Amino acid sequence: MITGQNLVGGLWESITTEACFQTMNPKTKEYLTPLFQEASTEQIEQATLRASGVSEIYAATSFEKRAHFLKIIQEEIKQNSVEILAAYQEESALPEGRAKGELQRTLDQIERFIEVLEDGSFSQATLHTNGPDLRKILVPIGPVVVFGASNFPLAFSTAGGDTISALAAGCPVIVKGHPYHAGTSELMAQAIHSALKKTGLPLELFSHLGGESHQIGSQLVRHPLIKGVGFTGSFTGGKALYDLAQKRSEPIPVFAEMGSINPIFILENKLKTDENLAADLSVSITLGTGQFCTNPGIIVICDSSNESSLVEEIKNKMATMELPPMVHSNIEARYKKQITHLSSSNSGVQVHLFNENDSALGVVSGADFIESPLLSEEVFGPFSLVVQCHSIDEMVNVAQVLKGQLTATILSTTEDQHNLKILLTKVQAKVGRILFEGVPTGVAVNQAMQHGGPFPATTDSRFTSVGSDAIYRWLRPIAFQDCPDFLLPVTLQNKNPLGILRNVNGILTTNAL
Ligand code: NAP
């Protein structure tokens, strides 16, 4: 049951004198019950102190114990899935199919980290026994703060990839729940809390704090006992939190995933020959009412003879689509403001707004796009800008002015591919993932996935926030030199008691030393 309480270092707390907030059904615009409580300064302090107090105990738990904990979280989520899905749909108005799909994705993400823990090689045990006996391993960084994302109430929120990867790494987690889906978040927090109880792990290692005030997030990030931050949201929010963390007397890593316009480049022959382009693109632009970080914000086409009908075809398709409302009226208002701003700007853009569903398509020449930095900003919602180029050289110039991105897509035929090298080199410098087929929306959760990219897509392009490698954000290396065997972490001991894959004097092996 949703109570509106905060989970403070293992205790559910109600403080009726403090400020409250409500969630809203984005479809009906009705406020929902119950009232949620803004976390107080004292609760933030307690959550942080308690997380820090159990940090070393949790870091020392076996991989097996942590894997068991994650399995019980999965079970708890499954057992409460009816209530979770109902809250999700009320608070986000996203359709049932999306709700069920995101719940399954959240469970699958947890499964990936169970596998990581069962395998154990993520700890990167490296032994060098010739000369000084040096043995290196990755260890957890300590308590971390995770900010829930507005556009993914499950997969990027309370029990989403950031939290689960940090718990798998051995870090206590304090979640700042997103206020737009506070009830869904609380139910997920209940699942994690129950799993802690059932596995006998310290309850203090997980907290869930709600609130609408930036004060809560700021206090958490500034707190000296916090050692890292995970964030998905706006550039403004992510950069503000990053700056706060760097100004601390002890700066800490902030892994913020922020805006991206995920360019799609369509080469000349592909543009002429692929009859499915308009259908595929219109679906991708409007998927989830455009509220995906991998939404294709610009489509750069090579149309040397000005003959392409792609824009008209996409317009025809977008005009007739039925879209659910955006996840919150604030996000909808910001989207509409940006569209109005673009329409009235003197940047050479023509904006076609489809009143039936509020989606929009812009069209601009390559030359105008290159001249106007405004056009490279993310418009979060069902919008894309078609950039019309006359040559592959002009496409290269467009790629040159782009900032860092999560993804880029290059669609080409074999004939186009002879000229692709320079464009590919330019694009490669700007993104974390390059697709050569399909559309960027849809992010597989496995070890080869890279969901990150150069600034401003993220604050640290060396890491991913999706897939099993997301665990490396919460780990740091430590080397033991000439340490007695029994004092070493088990992963580094001579007998290799866990039987994990280790690098021993340059050879990957599961053998004992
Ligand atoms: P947001 O404004 O960045 O907020 C995300 C979280 O960060 C919230 O919990 C918020 O706390 C916190 N926060 C933001 N600024 C902060 C600050 N200066 N100090 C402390 N905490 C701060 O993002 P949002 O609410 O999810 O959506 C707003 C806009 O972000 C959207 O319209 C969209 O443009 C963009 N967005 C982009 C993506 C993407 O994937 N590219 C995803 C989601 C959103 P409070 O609850 O206190 O505000």
Side-chain angles (χ1 to χ4, degrees), residues 6 19 21-24 26 36-39 44 91-92 94 145-153 155-158 160-163 174-182 185 208-223 226 229-245 247 254-262 287-297 325-339 341 376-383 403-407 432 440-441 443 451-453 455-459 465-466:
N6 287 307
F21 65 99
Q22 277 174 289
T23 56
M24 179 199 271
F36 293 90
Q37 291 174 350
E38 293 266 338
I44 296 167
E91 290 181 333
S92 71
L94 290 166
V145 172
V146 167
F147 287 82
S150 60
N151 55 338
F152 275 95
F156 283 81
S157 286
T158 304
D162 286 347
T163 299
I174 300 173
V175 171
K176 157 64 177 66
H178 201 288
Y180 295 171
H181 47 75
S185 296
H208 181 259
L209 305 176
E212 290 187 307
S213 152
H214 286 0
Q215 172 58 28
I216 298 166
S218 307
Q219 193 185 334
L220 282 167
V221 171
R222 281 200 307 257
H223 200 290
I226 293 300
V229 178
F231 171 93
T232 303
S234 66
F235 174 78
T236 317
K239 183 64 167 51
L241 295 170
Y242 177 84
D243 289 345
L244 270 185
K247 281 185 196 138
V254 174
F255 302 101
E257 193 227 291
M258 306 176 290
S260 193
I261 56 171
N262 306 294
L287 198 69
T289 318
Q291 300 162 105
F292 285 119
C293 41
T294 49
N295 185 262
M326 299 190 82
V327 295
H328 198 272
S329 51
N330 290 349
I331 292 190
E332 185 181 317
R334 189 170 300 136
Y335 164 70
K336 287 184 175 167
K337 195 171 157 194
Q338 276 186 287
I339 294 293
H341 185 54
S376 296
E377 300 300 323
E378 179 185 52
V379 176
F380 193 68
F383 168 79
K403 297 182 209 165
Q405 304 292 334
L406 293 172
T407 75
T441 36
V443 183
H451 191 69
F455 186 85
T458 72
T459 46
S465 60
V466 175

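No experiment lies behind these values; they were computed from the predicted model shown. Just follow the structure's listing: the first ligand is 1, and inside any ligand the first atom is 1.
Contact annotation: the side chain of Q22 never approaches that of E212 to less than 4.5 Å [non-hydrogen atoms, C-beta and beyond]. Here the side chains of P382 and Y335 are in contact, with some heavy-atom distance below 4.5 Å. The shortest distance between side-chain heavy atoms of F156 and E257 falls below 4.5 Å.
Residues lining ligand 1 at a heavy-atom distance below 4.0 Å are given as F147, S150, N151, K176, H178, P179, G211, E212, S213, H214, S218, F231, G233, S234, G237, A240, L241, E257, M258, G259, C293, I331, R334, E378, F380, ordered by chain and residue number.
Using the six-membered ring where Trp is involved, F292 and F152 have ring planes that are tilted, between 30° and 60° apart.
Here T236 contributes atom OG1 and L241 contributes atom CG; the two are 10.5 Å apart, rounded to the nearest 0.5 Å.
Note: F455 and F235 meet the aromatic proximity criterion, with ring centroids under 6.0 Å apart.
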